[in-house]
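Report on the structure given below.
Throughout, a chain's letter reflects where its sequence line sits, starting with A, and its residues are numbered from 1.
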Amino acid sequence: MSTEVYATPMTPNEVSMAVESGPTAAIEAPEPTAITAPVIEWFAENARDLPWRRSDCSPWGVLVSEFMLQQTPVSRVLEPWRRWLDRWPTPEALALEPAGEAVRAWGRLGYPRRALRLHAAAVAIGERHDGQVPEDHAELLALPGVGEYTAAAVASFAYARAHPVLDTNVRRVLARVFSGTEFPPPAPTVAERALARRVMPEEEAATWAAASMELGALVCTATNPRCDACPVVQACRWVALGRPAHDGPPRRGQAYAGTDRQVRGLLLQVLREHEGPVPQHRLDIVWPDATQRARALESLLADGLVRTSGDAFRLP
DNA sequence: AATTCGTGGAG
DNA sequence: TCTCCAAGAAT
């Protein structure tokens, strides 16, 4: 089977023609294996040079990157990742420090529970895996903060194991190419997992995982996709259908201003900036609503992100 | 299954 | 300005 037809991108004009003319005949999904070769070829030319992709990056470096990249853009992760690995080059090094140091070093990456879980994962790796990041998907999955995506990503990128990697980028690519919809379902479905497994080339699975993620991140983006630069535009069902807009219930955007999350963030910011215990009054000034402030602090304590120290508060 | 959990850059 | 959303996980 020739891949030439897919390897030649449409010109911008051809894309707009396809978009404007809309469907002329029955539009069917391409064969699952039709897109792998052109996407991998595209990746060879267009991959970003990210530090956790270099051959000298340890499995621990990959694991740290995956934690930091959960819901956080690459551009914001680069610098904290570099400093993190400089300070803690192994899981053991991190496990030797209090969890609060991980929370402090996490800085403003957001979702600081990830820092706590990464620290807990480092401890577990020392206890259960002799200090080595495990290769096995099930063992990875058992680590704190490691879900289906992260386990598959670490197995793939650190150990070149063949696991379908279904992140938000890949899900969007598959939704567009095969389902002809602008966006995937709200949460991963059985059908998506089955498709991801069929699309994955057994012999280049890890490369495919990185390549399909990269395509979603750089070309098949959530807003303003660059279809004129896409290596599989001619196979894409969504493009063939005229790029129909998302149909269905509006997708949940997360409010932030005025939420407990914002208050938690403000409280934790103060605690990160102080080595020792912080008296209550230093926390009281970050938010006017005492009820919400108390609730936020309670939840931080419940999460283990904050500890009491006499009458004061500090990182764990 | 639906919510909760930070932060900041881009359009 | 305001909305969207970025390599998810846990509950």
message = Over all strands shown, is L109(A) touching base, sugar-phosphate only, or nothing at heavy-atom distances under 4.0 angstrom?
response = base
So the ring pair (Phe, Tyr, Trp, His ring centres under 6.0 Å) pairs with at least one residue in residues 181-231 of chain A (sequence neighbours excluded) are F183(A)-H246(A)
>> Please report the distance separating the P of dA7(C) from the corresponding atom of dT4(B), rounded so that it comes out in whole Å.
In response: 23 Å
(message) Using atom P in both nucleotides, what's the gap between dG6(B) and dT11(C) to the nearest angstrom?
(response) 14 Å
Expected list for residues 272-283 of chain A near DNA chain C, using heavy atoms below 4.0 Å, is none
request  = Walk me through it: do F313(A) and Q280(A) pass the test side chain to side chain contact (heavy atoms under 4.5 Å, CB included)?
outcome  = CA-CA 7 Å; F313(A) 301 90; Q280(A) 175 92 50; 3.4 Å; yes
Under 4.0 Å, counting only non-hydrogen atoms across every strand here, what does P186(A) touch: a base, just sugar-phosphate, or nothing? nothing
Of N224(A) and R108(A), the one whose nearest nucleotide on DNA chain B sits closer to the 5' end is R108(A)
From the list E66(A), H163(A), R171(A), Q70(A), side-chain hydrogen bond (donor to acceptor under 3.5 Å, both in side chains) with Y149(A) holds only for E66(A)
Residues at least two apart in sequence or cross-chain that pass salt bridge (charged side-chain N to carboxylate O under 4.0 Å, His left out) with E79(A), listed by chain then number, are R82(A)
In whole angstroms, the gap separating P of dT7(B) from CH2 of W106(A) amounts to 12 Å
Rounded to whole Å, the CZ-P distance (R264(A) to dT3(B)) equals 18 Å
* Asked: At under 4.0 Å, does any side-chain N or O of R261(A) touch on OP1 or OP2 of dT7(B)?
  -> no
>> If you apply the rule salt bridge (charged side-chain N to carboxylate O under 4.0 Å, His left out), what do you find for R251(A) with E182(A), and how did you get there?
In response: CA-CA 12 Å; R251(A) 307 193 303 151; E182(A) 186 178 18; over 6 Å; no
Do E101(A) and R104(A) meet the salt-bridge criterion of a basic N to acidic O distance under 4.0 Å? yes
Quick one, L63(A) and I125(A) - any side-chain contact, counting heavy atoms below 4.5 Å?
yes
The salt bridge (charged side-chain N to carboxylate O under 4.0 Å, His left out) partners of D136(A) (sequence neighbours excluded) come to none
Residue set satisfying salt bridge (charged side-chain N to carboxylate O under 4.0 Å, His left out) with R226(A), at least two apart, ordered chain then number -> none
Per-nt protein contacts along nucleotides 3-11 of chain C (heavy atom under 4.0 Å; B base, S backbone sugar-phosphate only, - none) come out as --BBBBSS-
| task | Looking at every strand, decide which applies to F67(A) at a 4.0 Å heavy-atom threshold: base, sugar-phosphate, or nothing. | result | nothing
